[in-house]
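In what follows, a structure is listed as C-alpha cells, so that the remarks can point back to it.
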2 protein chains.
Amino acid sequence: MRAALIDGKAIGAKLRAEVAVQANKLANEGWQPKLVSVSVGDTSAAELYVRNQQKQANSAGVDFEARNYPAETSLEQLIGILQGLNGDPRVNGIIIQRPLPDHIPVKVLQKAVHPLKDVEGMHPASIGNIVYNDLALGPCTAVAAVEILKTLPLQMEGLNVTVIGHSEIVGKPIAFLLMGLGATVTVCHHMTRSVAMHSRAADAVFVAVGKPGLVTGDMLKPGAALIDIGINRIDTPEGPRTVGDADMASCAEVAGWITPVPGGVGPVTVATLMKNAVLATQMQMDHYRGAYAQTDV
Amino acid sequence: MRAALIDGKAIGAKLRAEVAVQANKLANEGWQPKLVSVSVGDTSAAELYVRNQQKQANSAGVDFEARNYPAETSLEQLIGILQGLNGDPRVNGIIIQRPLPDHIPVKVLQKAVHPLKDVEGMHPASIGNIVYNDLALGPCTAVAAVEILKTLPLQMEGLNVTVIGHSEIVGKPIAFLLMGLGATVTVCHHMTRSVAMHSRAADAVFVAVGKPGLVTGDMLKPGAALIDIGINRIDTPEGPRTVGDADMASCAEVAGWITPVPGGVGPVTVATLMKNAVLATQMQMDHYRGAYAQTDV
C-alpha cells in the first residue's frame with residue numbers, strides 16, 4: 001500500500017464548521033438558512049440519506065425540514081408544491097430526493113425549483129453559470145470531488161486530469177470546474193476507445209461510472225491522485241459491502257492519493273449541500289436587499 | 001497540399017435551404033420567424049457582420065430588423081428595450097451585436113434575453129441545456145463547428161478530439177456537444193503544459209484561440225480533421241488579410257481535412273443563427289399552444 005488515503009470525513013467536518021460560522025452570521029441578520037427535503041412515495045431507499053442530511057444540517061447550523069408526499073401525488077401537484085416553496089421566504093433551499101415514482105420526471109421537478117433555491121445545483125441555469133465560471137450553486141457531488149483534489153499539494157494550472165464518466169450532474173460539471181481552475185481535462189466514457197490510454201497520462205483521475213473494479217492500478221500513472229465517486233453495493237463472502245469504481249488493492253499500489261469508499265467523496269458531498277444552503281441564503285438576501293435598494297421613496 | 005479543404009459556404013447554403021423550408025412552414029401557420037438585431041453606439045465594427053446576417057436571413061426566409069441605439073443609452077434602458085422585445089409576439093429572436101460601449105456589460109444583456117428568444121445561445125440556461133443534451137438553442141459558432149465535423153466520414157462515437165481554447169461561448173460548448181455525440185474530448189488552453197501532446201493524439205482538432213499560426217502541421221496526427229475557428233486580421237506584404245489560428249501551409253501537409261479562413265466556420269455560423277431563429281420560433285409556438293391547451297373552457 002503506497003497511496004495516502006484521503007480523509008473525506010475530516011474534509012467534510014472542516015467545511016461544515018466553516019458553514020456553521022456563516023450560517024450563524026446570516027441568522028443574526030434575520031436570514032436563518034433553511035432546507036426543505038421533498039420525498040415522494042416509498043422513501044425507504046432515500047431514508048438513510050435524508051437522515052444523514054438532517055444530522056449534518058444540524059451540525060452546520062442549517063434548519064432542515066423533511067417532507068414526504070404520497071406516491072399518488074401528481075406532477076402538477078408537485079410543481080405547485082415547489083412553486084409554494086419557491087415563494088416562501090422561510091425556505092432557502094429545496095432538495096428533491098431520488099428515486100421518484102415512475103410518473104414523475106426528475107428533470108421537470110428540478111427545473112421547477114427556482115435557480116436561487118437550487119441547492120443541489122441541478123437547474124440548467126445553475127449548470128450554465130458554472131460553465132460561465134460564475135459564483136453559483138454547483139452540483140454537490142461534482143463540487144465536492146473537485147474540493148477534495150484542491151486539498152492535495154498539486155498545482156491546478158496545467159494539471160492533466162482525466163474524468164471517467166460524462167453524466168450531466170457529475171462528470172461534465174467536474175470537467176468545467178477543473179477547466180475553470182486551469183487544468184487540462186479529458187473526459188472519457190463508455191464509448192472511449194481506450195480509457196487506459198487517457199487515464200495513464202493523467203496527474204489526477206476522477207471516476208464516476210458505477211462499476212466496481214473499473215479502474216485498476218495499471219491504468220494509473222505512478223503517484224497520480226484518484227478521486228473515486230462511484231458508490232456500489234456488492235456481495236462478498238463476508239456479506240454486502242459498499243465499494244467505489246476503483247479496484248482498491250491494485251490502485252493503492254500505484255496512486256499517490258486515493259479516496260476511500262465509503263468515507264471519501266460522500267461526506268464532502270453532504271457538507272457541500274450545506275455550503276450551498278448558505279450560499280443560496282446569501283444570494284437571496286442580496287437579491288432581497290437589491291430589490292428594496294432600487295425603490296425611490 | 002494534402003488536406004481536403006472543407007467548403008463552409010456550401011455547408012452553410014445547404015443548411016439555409018433547409019431552414020427556408022421550415023421558416024416557410026412556420027409562416028403558413030402564422031409564425032413567420034423574425035430576428036431583431038440590437039447594436040449600441042459606434043456600429044462600424046459590426047456593420048459588415050450585421051449586413052451579412054440581414055442578407056442570409058432574407059435567403060433563409062427569416063425576417064430581420066436591425067436596430068441601432070445611441071452610445072449614451074443606459075444599461076437600464078437597454079434592459080427595458082430587451083424586455084419589450086421579449087414580450088413582443090412579433091419578435092422570435094434577439095441578437096446583441098458586439099462590441100458594446102464600455103458601460104454595458106455584455107453578460108447582463110445576454111441574461112436579459114428570454115431563453116426562448118436567445119438565438120445566439122448565450123443565456124446560462126441555454127448553455128446548461130446543452131450540457132443536459134436537451135434540444136436547445138446552442139451558441140452558434142460552437143454548433144457550426146461541430147456541424148462541420150459531422151459532414152466528414154468520421155465515426156463520432158469514440159473519436160478522440162482535442163479542443164484548443166476553453167472560452168465559455170466556443171471551446172467549452174464544443175466540448176459538451178462532442179461529448180453528447182460520443183467523442184472522447186480533451187480541452188486545452190493557455191495553461192496546458194503541452195498542447196502538441198494532446199493535439200497529436202487527436203483524430204480531430206478544434207482551435208478557437210485568436211492567435212495566427214498557433215497550430216502547426218507538426219502538432220497534428222496525419223489525416224486528422226482540423227476545424228479552425230480563429231478569425232485574425234494580419235498585415236502581409238500584399239496588404240491586410242484574414243487568417244485563422246492554423247498555419248495553413250504546414251497543417252495542410254498533414255491534416256486530412258481543414259477549414260479555410262475565411263470560408264470555413266464563418267458561413268456555417270450565420271446559417272446556424274438562422275436555424276436557431278426557426279428553432280426559437282417553433283419553441284415559442286409550442287409554448288403558446290401548450291399554454292392555451294391547458295385552459296379548461
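Just so it is clear: chains get the letters A, B, ... in the order the sequence lines come, proteins before strands, and each one is counted from 1. Everything quoted here is computed from the prediction, not taken from an experiment.
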- Note on the structure: Most contact-rich option vs chain B, by heavy-atom pairs under 4.5 angstrom, among A:E157, A:H166, A:H189, A:K107, is A:H189
- Message: Using 0.5 Å steps for rounding, measure from the CD1 atom of B:I229 to the OG1 atom of B:T269.
- Response: 8.0 Å
- Message: Assess whether a salt bridge exists between B:E120 and B:R98, defined as any Lys/Arg side-chain N lying under 4.0 Å from an Asp/Glu carboxylate O.
- Response: yes
- Task: Report the option among B:L159, B:V161, B:T192 that has the most heavy-atom pairs separated by less than 4.5 Å from atoms of chain A.
- Result: B:T192
- Which of the residues B:A125, B:P173, B:P115 is involved in the greatest number of heavy-atom pairs with chain A at under 4.5 angstrom? B:A125
- Which region of A:H190, side chain (C-beta onward) or backbone (N, CA, C, O), has a non-hydrogen atom less than 4.5 Å from a non-hydrogen atom of chain B, or is it both or neither? neither
- Compare all side-chain heavy atoms of A:H198 with those of A:V163 and state whether any distance is below 4.5 angstrom. no
- Under the side-chain contact (heavy atoms from CB on, under 4.5 Å) criterion, do A:I227 and A:V265 qualify, and how do the steps go? CA-CA 8 Å; A:I227 313 291; A:V265 177; 3.8 Å; yes
- Task: Measure distances from A:M122 to the heavy atoms of chain B and classify the residue's part below 4.5 Å as side chain, backbone, both or neither.
- Result: both
- Note on the structure: Under 4.5 Å to a heavy atom of chain A? For B:M156 that would be neither
- Note on the structure: Note: vs chain A, highest number of non-hydrogen pairs under 4.5 angstrom among B:I127, B:V195, B:T162, B:T186 is B:T186
- Under the side-chain contact (heavy atoms from CB on, under 4.5 Å) criterion, do A:T184 and B:V187 qualify, and how do the steps go? CA-CA 6 Å; A:T184 302; B:V187 180; over 6 Å; no
- Note on the structure: Ranking B:G128, B:A183, B:G180 by heavy-atom pairs under 4.5 Å to chain A gives rank one to B:G128
- Message: Does this structure show an ion pair linking B:R193 with A:D203, if we count only N-O contacts that are shorter than 4.0 Å?
- Response: yes
